[in-house]
Amino acid sequence: MKLVLIGAPAAGKGTQAARLVEHYGIAHISTGDMLREEVAKGTELGNQAKSIMAAGGLVSDELIIAIVQERIKKDDCAKGFILDGFPRTVVQAEKLEDMVKLDHVVYISAPDEVMLERLTARESCPKCGATYNKLFLPAKVAGVCDKCGEALTQRKDDTVEAGKARIATFHEQSEPLVDFYKKKGILFEVDGTQAIDEITKAIIAGLDK
Ligand code: AMP
């Protein structure tokens, strides 16, 4: 199964992707995670992306397309994959058309206020990657990872200011993808304001139809 998850920042793409990957046994491709790894390693690519990401903008189509093109050739993608955070522009979507035939596109929608509130409450573990949200998925001990005991951190772009910029970027650059994929007849929308389990159920029901 080849799948794309679309949604504004903090709509729940990463959380749902992790569950779907487990359910369907396919690869999880998060372009945001890949870029954050490059930033952490201090590579040339990471240095190029760092300030753009911190300001809530998008890295260039050319660069991100090249990364995805390489990534989907890897062995773990043979059974299928979930693209989480790609495409984010119509140019990227058009390029993706040349690379693969998608089975489904899932649009996780939620109002801006909900996403901004969630985004600033997010935390993650720098060691094992577990993610938390102070509003609805808090760590058992505040600020400490349940799984490995490491101190939790906040993404640099999960501030109110960067969050607002990322939501604006979503409306300007990524929302046109909803129409793009609707016209192709492969998109279905899921209400992202529901509880995490309910969203997963709705997505799986839509995919298995
Ligand atoms: P995410 O973790 O998906 O929210 O991505 C974090 C940041 O990485 C975004 O705000 C962008 O700056 C950058 N990024 C991730 N995916 C893409 C993409 N497909 N196109 C351009 N920039 C991206």
Side-chain angles (χ1 to χ4, degrees), residues 2-18 20-21 27-72 81-100 102 105-110 112 114-126 129-133 153-178 180-181 192:
K2 296 186 180 77
L3 198 69
V4 162
L5 289 187
I6 298 180
K13 299 187 296 291
T15 304
Q16 296 302 328
L20 296 171
V21 158
H28 180 190
I29 304 177
S30 159
T31 45
D33 284 350
M34 289 165 82
L35 290 172
R36 276 184 290 279
E37 266 170 40
E38 297 293 326
V39 172
K41 284 194 267 181
T43 62
E44 197 186 324
L45 164 61
N47 292 337
Q48 277 181 46
K50 193 174 179 177
S51 56
I52 299 171
M53 292 170 76
L58 294 183
V59 308
S60 78
D61 286 332
E62 219 175 25
L63 210 146
I64 205 82
I65 287 164
I67 292 176
V68 172
Q69 222 152 11
E70 284 312 303
R71 179 65 185 86
I72 60 175
F81 50 78
I82 297 181
L83 284 164
D84 157 13
F86 181 94
R88 260 179 157 98
T89 65
V90 171
V91 171
Q92 293 176 16
E94 282 167 347
K95 268 282 175 196
L96 184 62
E97 294 278 292
D98 300 336
M99 293 185 226
V100 290
L102 293 172
V105 175
V106 182
Y107 172 38
I108 308 177
S109 61
D112 290 0
V114 173
M115 288 178 296
L116 192 62
E117 193 187 25
R118 276 189 194 167
L119 181 147
T120 50
R122 292 206 292 204
E123 292 178 307
S124 66
C125 175
T131 54
Y132 300 88
N133 193 296
T153 54
Q154 201 193 20
R155 268 171 57 168
K156 292 211 171 27
D157 58 356
D158 274 348
T159 59
V160 173
E161 195 189 356
K164 280 186 179 163
R166 289 164 63 208
I167 291 170
T169 301
F170 170 78
H171 289 305
E172 282 159 26
Q173 313 233 39
S174 309
E175 214 165 21
L177 295 173
V178 174
F180 179 91
Y181 286 122

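Residue numbers run from 1 in the order of the sequence given. All ligand and atom numbering here is 1-based and tracks the order in the structure.
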Search all heavy atoms of Ile167 against all heavy atoms of Pro9 and return the closest pair with its distance.
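Closest heavy-atom pair between Ile167 and Pro9: N-CG, 4.1 Å.
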
Quick check: closest heavy atoms across Ala11 and Ile108, and the distance to 0.1 Å?
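Shortest heavy-atom separation between Ala11 and Ile108 comes out as O-CG2, 3.3 Å.
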
Please determine, by modelled atom types, if Asp33 and His28 share a side-chain donor-acceptor pair under 3.5 angstrom.
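Short answer, no.
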
Under 3.5 Å, is there a donor-acceptor pair linking the side chains of Gln173 and Thr89?
no

Closer than 4.0 angstrom: is that true for some heavy atom of Gly57 and an atom of ligand 1?
yes

If we only consider heavy atoms of Lys13, is any one of them less than 4.0 Å away from an atom in ligand 1?
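Judged by the 4.0 Å heavy-atom criterion, Lys13 does not count as contacting ligand 1.
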
So for ligand 1, is Gly85 a polar contact partner (N or O within less than 3.5 Å, distance only)?
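Yes, at least one N or O pair falls under 3.5 Å.
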
Asp33-ligand 1 polar pair, N/O distance under 3.5 Å:
no

Using 4.0 Å as the upper bound for N to carboxylate O, is an ion pair formed by Arg122 and Asp158?
yes

Determine, for Asp157 against Arg166, whether the closest basic-nitrogen to carboxylate-oxygen distance falls under 4.0 angstrom.
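Here Asp157 pairs with Arg166 in a salt bridge, since their nearest N and O are under 4.0 Å apart.
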
Show me which atoms of ligand 1 lie under 4.0 Å from any heavy atom of Gln92.
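Going through ligand 1 atom by atom, the ones under 4.0 Å from Gln92 are 18 (C), 19 (N), 20 (N), 21 (C).
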
Suppose I only count heavy atoms of Thr31 and a 4.0 Å limit; which atoms of ligand 1 are within that range?
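Contacts of ligand 1 toward Thr31, numbered from 1: 15 (C), 16 (N), 17 (C), 19 (N).
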
Starting from [atom], find the nearest protein heavy-atom neighbour and note its residue, name and distance.
{"atom": "atom 1 (P) of ligand 1", "result": "Arg88 NH2, 3.5 Å"}
{"atom": "atom 7 (C) of ligand 1", "result": "Met53 CE, 3.8 Å"}
{"atom": "atom 13 (C) of ligand 1", "result": "Leu35 CD1, 3.5 Å"}
{"atom": "atom 22 (N) of ligand 1", "result": "Val59 N, 3.2 Å"}

Using modelled atom types only, decide if a donor and an acceptor are shared between the side chain of Arg118 and the backbone of Met115 within a distance under 3.5 Å.
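Not confirmed, Arg118 side chain does not pair with Met115 backbone.
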
Out of the candidates Thr43, Val59, Leu63, only one should pair with Gln48 under the side chain to side chain contact (heavy atoms under 4.5 Å, CB included) rule; please name it.
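Option passing the side chain to side chain contact (heavy atoms under 4.5 Å, CB included) with Gln48: Leu63.
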
Considering only heavy atoms, does Lys156 approach ligand 1 within less than 4.0 Å through its side chain, its backbone, both, or neither?
neither

Region of Ile64 engaging ligand 1 - heavy atom pairs below 4.0 Å:
side chain

